[in-house]
There are 2 protein chains.
Amino acid sequence: MDEKGISKAVINRLPRYYRFLGNLLDQKVERISSGELSSIMHVTASQIRQDFNHFGGFGQQGYGYNVKYLYEEIGKILGLDQTYTMIIVGAGRLGQAIANYVRFEKRGFQVAAVFDQSPALIGTPTVHGLAVQDVSTLAEYLSTHHVDIAALTLPTKGALEVAPVLAEAKVRGIWNFAHTELELPPEIVVQSVHLSESLMQLSYKINH
Amino acid sequence: MDEKGISKAVINRLPRYYRFLGNLLDQKVERISSGELSSIMHVTASQIRQDFNHFGGFGQQGYGYNVKYLYEEIGKILGLDQTYTMIIVGAGRLGQAIANYVRFEKRGFQVAAVFDQSPALIGTPTVHGLAVQDVSTLAEYLSTHHVDIAALTLPTKGALEVAPVLAEAKVRGIWNFAHTELELPPEIVVQSVHLSESLMQLSYKINH
DNA sequence: TAGATTGTTAATCGATTAACAATC
DNA sequence: TAGATTGTTAATCGATTAACAATC
């Protein structure tokens, strides 16, 4: 299990492998060869074998890969065998969508609190009876509660204000939906989802 | 303007350039060199010059790049000088977020209709008075209205059912938020946003 | 003109694909 | 054992960086 120095390209492919393997599991497929997986996923068999080998041999010569085992191993590499406490900062439609989404889709990510700045939203129950808290009380909340991940579903200005508060509290990761880069100490992981950039890429492809 | 054969890596970077240049414009910056842009964006100056040159010389030796001109040219390359008619299929929280988002954030993308399958949502006014229509009437709608882009903000099963209807109507692009690949004729562009994969990547990074 | 900075070629680096020996 | 398929090395391809001549 030499997981050091795995290239970013490989990591980015892991969730897709995980999704396809999950589908195969649902279809009760027990084993699969790199060649079969290759034709389902439209990538080369060579890449599949190369990718899996970065983490040590998951397969068996002459047999292929055990779907359940491979699925679970990739889940472990991705850290999906653990649980994470998550807060949502920004209780607008996107924040609500993410809160619900994470709750239903993924077991390991537990939404513990939702914050917003708008008086109109504060106190409103959103998901599963979680009341929206005032974002001005965020620092206080963080001083008494452990939080692994904060999802930032609020406008740029708010995100820039909130980022240092989260850094101070040593949150482990930030899932950033705001249209801005966040300047944070290197130990805090930032994963950004720039929806406008995705839409621009779609726009480009439509025209070329 | 030789826009043929531009690598995917370059295209994926264009929206980010566009965002930074937009910020610079807001700050009334008139000109910028690849060196300055390099230090702001944390990429090499060499890459910046290489990227821009794929589309023909935007700059001037000894001077740098004119921010406004460069911003507009990249906008054109991305197709942001045009308008697009868009529909949202799936009127849950994510669909509502996207509908609002696209309306407010980006001028060129006009939301013309919103569809859902749930009786509880149909008829409900969502954004700017757009009533949610029954997804079973989608084919009919498409036969009488021009649609450039469809955003799929509904579960996998629904997305797979709706995709061929959209293909039949020759929608130009699909912005896919469902956790699945869509099998479509090659002339239909698919841009997927897999939120769960993004969250898994965050999870990985937290642990490594 | 001199200084600055691009445009562009060449060198390096990294990622993907091909090939095949190892082995189940 | 023979056939299948991995694990892994070598070859290819593509993308990034470095260097510098062109030129504003």
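Residues A:I40 and A:I32 have side chains in contact (heavy-atom distance under 4.5 Å, counting atoms from C-beta outward).
Residue B:H42 contributes atom NE2, which lies 18 Å from atom P of D:dT16 at whole-angstrom precision. In this structure, CG of B:N53 is placed 13 Å from P of D:dT23, rounded to the nearest angstrom. What separates NZ of A:K8 from P of C:dG14 is a distance of 15 Å, to the nearest Å. Rounded to whole Å, atom P of D:dA15 lies 11 Å from atom CD1 of B:I11. Rounded to an integer number of Å, the gap from B:Y63 OH to D:dC24 C1' is 12 Å. Computed from coordinates, the A:Q61 CD to C:dT23 C1' distance equals 5 Å when rounded to whole Å. Between B:R31 atom CZ and D:dC24 atom C1' there is a gap of 12 Å when expressed in whole angstrom units. Rounded to whole angstrom, the span from the CZ atom of B:R49 across to the C1' atom of D:dA15 amounts to 16 Å.
Looking at A:R16 and B:E197, no side-chain N of the basic residue comes within less than 4.0 Å of a carboxylate O on the acidic one, giving no salt bridge.
Between A:Y65 and C:dC24, a side-chain N or O to OP1/OP2 separation shorter than 4.0 Å is absent. Here B:S34 does not reach the OP1 or OP2 of C:dT5: none of its side-chain N or O atoms lies under 4.0 Å away.
Screening A:V147, A:D134, A:V165 against A:Y141 for a side-chain contact (heavy atoms from CB on, under 4.5 Å) leaves a single residue, A:V147. Partner of A:H179 under the ring pair (Phe, Tyr, Trp, His ring centres under 6.0 Å) criterion, out of B:F20, B:Y18, B:Y101: B:Y101 alone.
To the nearest 0.5 Å, atoms CG (A:L37) and CG (A:L21) are separated by 6.0 Å.
C:dT8: Watson-Crick or G-U partner is D:dA19, with both key distances under 3.5 Å. With a cut-off of 3.5 Å on both Watson-Crick or G-U wobble distances, the partner of C:dC24 is given as D:dG3.
Residue B:F52 is classed as having no contact, given no heavy-atom separation below 4.0 Å to the nucleic acid. Nucleic acid contact class of B:S46 (heavy atoms, under 4.0 Å, all strands): base.
For B:S33, counting side-chain heavy atoms from C-beta on, the closest listed nucleotide (C:dT16, C:dA15, C:dT5) is C:dT5.
A donor and an acceptor atom sit less than 3.5 Å apart, one in the side chain of A:Q50 and one in the base of C:dT17.
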